Amino acid sequence: MIAENVAKIRARMDAAARKAGRDPREIVLCAATKMNDAGRVREAIAAGIACCGENRVQELTAKLADRAYDGASVHFIGRLQTNKVKQVVGKVDLIQSVDRPALLDAIEKEAAKQGVLQDVLLEVNVGAEESKSGYAPEEVDAVCAAMERFPHCRVRGLMAIPPVSQKSGDNCRFFTEIRRIAVDITAKNYHNISMEILSMGMTDDFEDAIACGSTMIRVGTAIFGARDYHKQPTYGGNNHGTDG
Ligand SMILES: *Cc1c(COP(=O)(O)O)cnc(C)c1O
């Protein structure tokens with residue numbers, strides 16, 4: 001079931017990339033593994049998933065202890081409280097959801113303490129939604145310009161979750177805006193900043209995201225099936241896919 005789903009998504013990714021004149025190999029499929037236990041994560045990795053994105057610190061910690069992600073890289077993609085950075089910094093390959101100055105400060109401090117270089121993405125609240133976190137599009141440039149003050153963090157690109165769309169095509173303008181920000185920042189050649197990863201697109205809109213320049217899609221439902229938010233959580237904690 002998981003293997004079939006992964007194969008179907010890859011076929012759709014390939015078709016979307018080719019239609020946009022892009023090389024399908026430029027686009028990474030990151031499995032959003034929240035609420036899926038270690039066994040299902042292993043099944044996804046056996047089916048060729050090379051990147052897992054986790055939302056909640058508690059699940060991350062439990063699955064790391066289970067060695068559930070062996071064979072794949074691990075990303076943190078959920079809202080991260082500053083008092084939990086210790087459990088994430090140095091334990092994941094990429095923190096995709098750096099959404100505010102206080103979090104960047106906390107990550108820098110922890111990475112310095114551990115003596116590691118932590119790769120991060122800046123999360124952009126591209127739809128200016130009250131309910132979502134992230135930097136405003138117009139703030140991103142200043143954050144990148146100031147990254148010299150964060151020598152233990154390396155910005156590798158941007159992440160965005162646009163508004164829930166009603167129909168296909170609706171979110172193209174948001175994806176295109178993220179790409180435009182990335183192009184502008186790349187042109188400035190800031191020290192230690194790259195914009196190689198544009199993490200955008202989920203189950204409902206990944207083909208549009210690929211058409212508009214995404215280099216990483218984060219897919220949960222289309223790989224694992226619908227999440228049952230009424231079920232007792234496998235790893236405890238709240239059941240809302242975030243940590244805050
Ligand atoms: C759950 C989640 C996804 C995947 O969502 P689906 O619609 O199930 O594909 C992607 N990104 C983040 C940050 C998520 O929390």
Side-chain angles (χ1 to χ4, degrees), residues 1-2 4-10 12-13 16 27-37 40-41 43-44 47 49-60 63 69 72-81 84 88 92-100 103 120-127 129 131-135 156-168 170-171 174-175 178 197-210 212 214-231 233-235 237-244:
M1 171 71 165
I2 288 175
E4 275 170 40
N5 289 346
V6 169
K8 278 187 205 147
I9 296 162
R10 293 251 189 239
R12 288 171 58 192
M13 290 172 70
I27 303 141
V28 173
L29 172 57
C30 178
T33 49
K34 60 174 170 274
M35 297 180 66
N36 285 282
D37 62 18
R40 290 167 66 77
V41 172
E43 209 179 320
I49 290 294
C51 170
C52 294
E54 203 62 75
N55 279 75
R56 283 173 292 193
V57 174
Q58 200 168 9
E59 282 195 50
L60 174 75
K63 288 178 215 177
Y69 309 111
S73 61
V74 186
H75 296 182
F76 193 79
I77 62 174
R79 195 174 300 198
L80 181 53
Q81 292 174 283
K84 292 188 181 169
V88 178
V92 301
D93 301 285
L94 181 69
I95 302 175
Q96 293 201 13
S97 43
V98 175
D99 57 359
R100 59 195 192 280
L103 180 58
V120 302
L121 302 182
L122 301 177
E123 181 173 350
V124 185
N125 187 359
V126 71
E129 293 175 277
S131 62
K132 291 208 177 108
S133 50
Y135 291 97
R156 305 279 312 277
L158 306 175
M159 188 270 252
I161 310 173
V164 174
S165 63
Q166 301 309 318
K167 57 178 196 304
S168 109
D170 274 0
N171 278 338
F174 295 118
F175 298 136
I178 294 293
I197 303 175
L198 299 183
S199 175
M200 48 192 198
M202 320 202 295
T203 291
D204 287 335
D205 58 10
F206 70 81
E207 281 145 321
D208 287 341
I210 289 169
C212 301
S214 170
T215 68
M216 178 174 288
I217 61 173
R218 307 173 312 273
V219 177
T221 308
I223 295 176
F224 297 108
R227 292 176 290 275
D228 181 358
Y229 285 98
H230 299 289
K231 198 175 76 179
T234 317
Y235 294 97
N238 75 51
N239 231 347
H240 306 294
T242 73
D243 235 321

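The shown structure was predicted, so the numbers you read here are calculated from the model rather than taken from an experiment. In each ligand, atom 1 is the first atom listed, and ligand 1 is the first ligand listed.
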- Message: Quick check on contacts: which atoms of ligand 1 are under 4.0 angstrom from a heavy atom of Val219?
- Response: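 Listed by number with element: 9 (O).
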- Identify, by atom number and element, the atoms of ligand 1 in contact range of Gly220, meaning under 4.0 Å from any of its heavy atoms.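 Near Gly220, the atoms of ligand 1 are 4 (C), 6 (P), 8 (O), 9 (O).
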- Backbone of Gln58 reached by a side-chain donor or acceptor of Lys84 within 3.5 Å: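 Not confirmed, Lys84 side chain does not pair with Gln58 backbone.
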- Query: Between the side chain of Tyr135 and the main-chain N/O of Asn125, is any donor-acceptor distance below 3.5 Å?
  - Reply: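 No.
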- Query: Below 4.0 Å from any atom of ligand 1, is there a heavy atom belonging to Gln96?
  - Reply: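 No, Gln96 has no heavy atoms under 4.0 Å from ligand 1.
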- Query: Does at least one non-hydrogen atom of Asn55 fall below 4.0 angstrom from an atom of ligand 1?
  - Reply: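 Within the 4.0 Å threshold, so yes.
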- Query: Of the backbone atoms (N, CA, C, O) and the side-chain heavy atoms from C-beta on, which set of Thr221 has a member under 4.0 Å from an atom of ligand 1: side chain, backbone, both, or neither?
  - Reply: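 Under 4.0 Å from ligand 1, Thr221 contributes backbone and side-chain atoms.
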- Item | Evaluation steps, side chain to side chain contact (heavy atoms under 4.5 Å, CB included), between Met159 and Ser97 | CA-CA 7 Å; Met159 188 270 252; Ser97 43; 4.2 Å; yes
- Item | Proximity winner for atom 14 (C) of ligand 1, if only heavy atoms of Arg227, Lys34, Arg218 are counted |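 Of the listed residues, Lys34 has the closest heavy atom.
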- Query: Does the distance from a Lys or Arg side-chain N to an Asp or Glu carboxylate O, for Lys167 and Asp170, drop under 4.0 Å?
  - Reply: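 A salt bridge links Lys167 with Asp170.
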- Item | Result of checking Lys34, Lys63, Arg218 against Glu54 for salt bridge (charged side-chain N to carboxylate O under 4.0 Å, His left out) |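 Of Lys34, Lys63, Arg218, salt bridge (charged side-chain N to carboxylate O under 4.0 Å, His left out) with Glu54 is met by Lys63 alone.
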